[in-house]
2 protein chains.
Amino acid sequence: MAASRMTEPTYLVLLALADEPRHGYGIVQEVRALSDGDVRLGAGTLYGVLDRLVAAGQIAPDHEEVVDGRLRRYYRITESGSAAAAVETERLAALARRARRVLAPRPALGNA
Amino acid sequence: MAASRMTEPTYLVLLALADEPRHGYGIVQEVRALSDGDVRLGAGTLYGVLDRLVAAGQIAPDHEEVVDGRLRRYYRITESGSAAAAVETERLAALARRARRVLAPRPALGNA
DNA sequence: TGGCATAGGTCGTCCCGCGATATATATCGA
DNA sequence: TCGATATATATCGCGGGACGACCTATGCCA
């Protein structure tokens, strides 16, 4: 089960694209929502992550649109990207589960 | 609910010290166990994290022992550290929950 | 005698996060 | 009318943190 490891912004971008293709700014908004407002992706972070993910084949450019005179560049997730996101999700869930056990107020009382 | 953000090695070190004081090498082993073998803390990572956590008041030097002629330098978690670990744990759990929803195979079938 | 586990620590590099900055359009309030 | 805010793209440079390489040292086992 030992796996790759992924930085959090990368993971969040992957999640933001999981359900449907989005453009840069849309990703920023979705990441903010997914992280409950915690993570505000800056431009530098976003495009760095995007470039790396494309290079890794986990996302791909989808199409472009012009809305209100502004260009929108859409990206979609690949199967490889979906798989990686799923693996990372389970890794985090398992970690949180173990963390809760370790952080439990009373470690052992009676039967443990 | 918007919170601080913490790097993963930092979080894992905090977790490793959550239940009892440990020395450096012991932390490395516990982190490995907690992460299901995924994270092998190197010396550079460990001592950097340790220094930062001490400076932040989230862990503190506990005591020293000499076992088999080798020095063991123990650290313990502080209340501030425990609180931070708990917050981060819930953040991760919430994120994993949302991630599962987003990654669900069939997003909407029937009612949703 | 050499290698591995245990135990501590420093140093340097490189990657990544992230703010600053630039460009451009549309809306809204002062 | 001017500035701020939101939408939308992208580059650049700094700094911090992860991590491997390396060093010292003891005890054990083959």
Side-chain angles (χ1 to χ4, degrees), chain A residues 2-17 21-35 37-56 58-59 61-75 84 88, chain B residues 2-17 21-35 37-56 58-59 61-75 84 88:
Chain A
S4 38
R5 298 274 305 309
M6 188 184 299
T7 64
E8 199 179 326
T10 299
Y11 175 55
L12 287 166
V13 167
L14 238 31
L15 286 185
L17 294 175
R22 289 178 206 275
H23 62 287
Y25 200 78
I27 293 172
V28 170
Q29 290 169 133
E30 180 66 14
V31 164
R32 192 133 94 96
L34 280 169
S35 68
D38 282 358
V39 182
R40 262 89 164 215
L41 239 45
T45 305
L46 177 69
Y47 294 107
V49 169
L50 249 26
D51 286 349
R52 269 171 259 138
L53 283 175
V54 168
Q58 299 193 322
I59 64 170
D62 194 64
H63 68 283
E64 295 182 4
E65 282 176 18
V66 175
V67 177
D68 285 325
R70 294 186 211 93
L71 180 66
R72 287 183 178 176
R73 216 179 289 276
Y74 283 79
Y75 294 87
E88 181 69 2
Chain B
S4 37
R5 298 270 308 307
M6 188 184 299
T7 64
E8 200 180 325
T10 299
Y11 175 56
L12 286 166
V13 167
L14 238 31
L15 286 185
L17 293 176
R22 289 178 206 276
H23 63 287
Y25 201 80
I27 293 173
V28 171
Q29 290 169 134
E30 180 66 13
V31 164
R32 192 132 95 95
L34 280 170
S35 68
D38 282 0
V39 182
R40 263 88 165 217
L41 240 46
T45 305
L46 177 68
Y47 294 107
V49 168
L50 249 26
D51 287 349
R52 268 170 260 137
L53 283 176
V54 168
Q58 299 193 324
I59 65 171
D62 195 64
H63 69 283
E64 295 182 4
E65 282 176 17
V66 175
V67 177
D68 285 326
R70 294 186 210 93
L71 180 66
R72 286 183 178 177
R73 215 180 288 276
Y74 283 79
Y75 294 87
E88 181 68 2

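Residue numbering restarts at 1 for every chain, and letters A, B, ... go by the order of the sequence lines. Keep in mind the model is a prediction, meaning the values are calculated, not measured. Side chains included, hydrogens not; waters and symmetry mates left out as well; all remaining heavy atoms used.
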Contacts of B:R72 that satisfy side chain to side chain contact (heavy atoms under 4.5 Å, CB included) - sequence neighbours left out:
B:H23, B:E65, B:V67, B:Y74
Interatomic distance where CG belongs to B:L46 and P belongs to C:dG9 [whole Å]:
9 Å
All side chain to side chain contact (heavy atoms under 4.5 Å, CB included) counterparts of B:V28, not counting sequence neighbours:
B:L41, B:L46
Determine whether A:I27 and A:V49 make a side-chain contact, defined as any pair of heavy atoms from C-beta on separated by less than 4.5 Å.
no
According to side chain to side chain contact (heavy atoms under 4.5 Å, CB included), who are the partners of B:R73, at least two apart in sequence or on a separate chain?
B:E64, B:L71, B:Y75
Options D:dC19, C:dG8, C:dG17, nucleotide nearest the side-chain atoms of A:R52:
C:dG17
Pick out the pairs of N or O atoms, protein on one side and nucleotides 19-23 of chain C on the other, that lie under 3.5 Å.
{"unit_1": "C:dG19", "atom_1": "O6", "unit_2": "A:G44", "atom_2": "N", "d": "3.3"}

Can you check the B:D51 CG to D:dG17 P distance for me, whole Å?
11 Å
Between A:R22 and A:A16, is there a donor-acceptor pair closer than 3.5 Å when you use the side chain of the first and the backbone of the second?
yes
Residue pair B:V31 / B:V13: nearest heavy atoms and the distance that separates them:
CG2-N, 4.2 Å
I need the A:L50 CG to A:T10 OG1 distance, nearest 0.5 Å.
10.0 Å
In whole Å, I'd like the distance from the CG atom of A:L12 to the C1' atom of C:dC18.
15 Å
Gap between atoms OH and P, on B:Y47 and C:dG12 respectively (whole Å)
19 Å
Could you check B:D62, B:L53, B:I59 and say which one makes a side chain to side chain contact (heavy atoms under 4.5 Å, CB included) with B:L17?
B:I59
Could you state the OH-P distance from B:Y25 to C:dT6, rounded to the nearest angstrom?
4 Å
Separation of A:Y11 atom OH from C:dC16 atom P, in whole Å?
19 Å
Under the salt bridge (charged side-chain N to carboxylate O under 4.0 Å, His left out) definition, can you give me all pairs with a residue in residues 45-54 of chain B, not counting sequence neighbours?
none
Between C:dT6 atom P and B:R22 atom CZ, what is the distance in whole Å?
14 Å
Between C1' on D:dG16 and CZ on B:R5, what's the gap in Å once rounded to a whole number?
13 Å
What residues in residues 64-75 of chain A put a non-hydrogen atom under 4.0 Å from any atom of DNA chain D?
A:R70, A:L71, A:R72, A:R73
So if I take every side-chain heavy atom of B:T7 and compare against D:dG17, C:dA7, C:dC18, which nucleotide ends up nearest?
D:dG17
